[in-house]
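Below, all heavy atoms of this structure are taken into account, side chains as well, without hydrogens, waters or symmetry copies. Remember, it's 1-based here, ligands and their atoms both numbered in the order they're listed. What you see is a predicted model, and the numbers here were worked out from it, not measured in a lab.
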Amino acid sequence: MPTNLPPEYFRAEQAYREAESTSAKISALEEMMSTIPKHKGTDKLRADLRRKLSQLKEDQHKKKGPGKHESEFHIEKEGAGRVVLIGFENTGKSSILSALTHATPKISEAPFSTWQPIPGMMEIEDVQIQLVDTPPLSKEHHQPELFDLIRSSDLILIVVDIQTNTFQQLEDSLKLLNQHKIIPKHWKEKSNDDRKIEFIPVMIAVNKDDDDKFDEDFQVFKELSSTELPLVPISVLNKRNFDRLKFQIFESLEIIRIYSKPPGKEPDLEKPFILKKGNTIEDLAGKVHHDFTYNLKTARVWGKNVFDGQMVGRDHILYDKDIVELHL
Ligand SMILES: Nc1nc2c(ncn2[C@@H]2O[C@H](COP(=O)(O)OP(=O)(O)OP(=O)(O)O)[C@@H](O)[C@H]2O)c(=O)[nH]1
Ligand SMILES: [Mg+2]
């Protein structure tokens, strides 16, 4: 195994091992391949993965037979992160997708209106985030592909309805995730589960909190559920707390934006590089160009915990909105 593989590679590799369907395996493999830096040391690994990928594609083709399409649950990742909306029927998942993106899902007071996942892009300040609406959770039907899609996400947004069995909805949603070996990342430290678990950040949107009348119900629900998971009361109907919801999504994704600046020039404030909280100058260098990981000498930073233009080393930890000049 070559050294210097980025953390995203190992994350995709875990998703690959856990994938229950061929299409999920294919998408995880494609992601692994896209995260490997291209140099001599990784030639063999890339060739191995390419072989596996073509084998899987062949299997999928054989299984499906001619004329059938790729699974609807296979959705290309786009933007700085994927947020999957999940929850029981009629809680307002499709309404949220429609309110925050340009997607046009079917919204209806009749339950079970959504049959397949639908993606849309949401802008939070200068970051594009993919939101994916999904068919309702079910306690009766086994839905492996839905859980593969959930596993491929960077954040799970559980949607519950403050006007109907809210507490039960939350408990059942978390139980179904648990049955599929998905546990909120918040609980990682406490978990002593022996199974192979995927820990993914989870937050909860408590929808249909239409006016002050429901605020008390929300407070009661909050106390009763006593969950440390972030909870945001919203109303799609009355557009309540959308800014708070977006802020919490951004926070829960644990991403930071870094603006790069060529030496002696102004920083490019249009297109941030997206990194994970806790990432360093070295991680940034790898994102800007794979050669930079090896050739980087020093860097200068404008932003948090530094004086303007401070020289820093590879291990310097970056913060949201830092501006960085890399020196080779
Ligand atoms: N009062 C109120 N109704 C809402 C709100 N958001 C959505 N609804 C209504 O709730 C119903 C269900 O909304 P959908 O967005 O289709 O719910 P869903 O979770 O996608 O439903 P499924 O696809 O069946 O899982 C529709 O009649 C919406 O108009 C809200 O904030 N307040
Ligand atoms: Mg729906």
Side-chain angles (χ1 to χ4, degrees), residues 71-75 82-122 129-153 155-177 179-180 182 202-222 225 229-249:
S71 158
E72 287 93 3
F73 284 80
H74 175 85
I75 291 175
R82 167 179 289 178
V83 181
V84 66
L85 294 155
I86 66 161
F88 285 89
E89 63 277 8
N90 253 356
T91 53
K93 300 176 293 300
S94 304
S95 304
I96 294 176
L97 180 80
S98 160
L100 297 180
T101 73
H102 296 299
T104 51
K106 182 172 172 205
I107 296 168
S108 156
E109 46 187 69
F112 304 100
S113 338
T114 305
W115 285 94
Q116 64 185 57
I118 303 171
M121 294 308 286
M122 167 177 71
I129 311 253
Q130 184 181 51
L131 269 192
V132 185
D133 181 23
T134 60
L137 293 173
S138 158
K139 287 192 266 182
E140 289 81 34
H141 305 295
H142 186 54
Q143 307 162 280
E145 289 201 299
L146 172 61
F147 288 91
D148 279 337
L149 173 66
I150 296 173
R151 263 184 223 106
S152 75
S153 304
L155 171 65
I156 300 169
L157 179 54
I158 300 180
V159 184
V160 292
D161 172 349
I162 194 64
Q163 302 187 19
T164 332
N165 290 334
T166 324
F167 186 71
Q168 199 61 44
Q169 284 178 15
L170 177 61
E171 207 173 62
D172 290 342
S173 305
L174 288 166
K175 206 184 280 170
L176 278 171
L177 288 175
Q179 282 166 7
H180 289 84
I182 301 166
V202 171
M203 60 171 279
I204 299 148
V206 185
N207 191 29
K208 306 198 187 179
D209 189 349
D210 293 339
D211 49 51
D212 303 355
K213 222 169 60 228
F214 295 101
D215 285 349
E216 197 179 322
D217 294 343
F218 173 72
Q219 286 308 329
V220 172
F221 166 69
K222 195 173 164 182
S225 59
L229 302 172
L231 285 174
V232 184
I234 58 162
S235 165
V236 180
L237 187 69
N238 294 335
K239 301 210 172 337
R240 283 183 99 202
N241 288 339
F242 276 10
D243 283 345
R244 201 164 137 194
L245 178 69
K246 284 182 166 188
F247 176 79
Q248 189 57 55
I249 289 175

Between [X] and [Y], is there a donor-acceptor pair closer than 3.5 Å when you use the side chain of the first and the backbone of the second?
{"X": "Lys93", "Y": "Val132", "answer": "no"}
{"X": "Gln169", "Y": "Gly87", "answer": "no"}
{"X": "Arg240", "Y": "Asp209", "answer": "yes"}

### Query
Pick from Val83, Leu85, Ile86: which one makes a side chain to side chain contact (heavy atoms under 4.5 Å, CB included) with Ile156?
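Result for side chain to side chain contact (heavy atoms under 4.5 Å, CB included) with Ile156: Ile86.
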### Task
Using side chain to side chain contact (heavy atoms under 4.5 Å, CB included) as the criterion, point out the one residue from Lys208, Gln163, Gln219 that pairs with Phe214.
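Between Phe214 and the candidates, side chain to side chain contact (heavy atoms under 4.5 Å, CB included) is satisfied uniquely by Gln163.
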### Task
Kindly confirm whether the Mg ion (ligand 2) is within less than 2.8 Å of some N/O/S atom in Thr114?
yes
### Query
So, Ser95 and the Mg ion (ligand 2): N/O/S under 2.8 Å, yes or no?
no
### Query
Looking only at side chains, do Ser235 and Asp210 share a donor and an acceptor under 3.5 Å apart?
yes
#### Entry: Asp243/Lys246 ion pair, N-O < 4.0 Å
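No salt bridge links Asp243 with Lys246.
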### Message
Just to be sure I understand the cut-off, which residues have at least one non-hydrogen atom under 4.0 angstrom from an atom of ligand 1?
### Response
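Within 4.0 Å of ligand 1, protein side: Glu89, Asn90, Thr91, Gly92, Lys93, Ser94, Ser95, Ile107, Ser108, Glu109, Pro111, Phe112, Ser113, Thr114, Pro136, Asn207, Lys208, Asp210, Ser235, Val236, Leu237.
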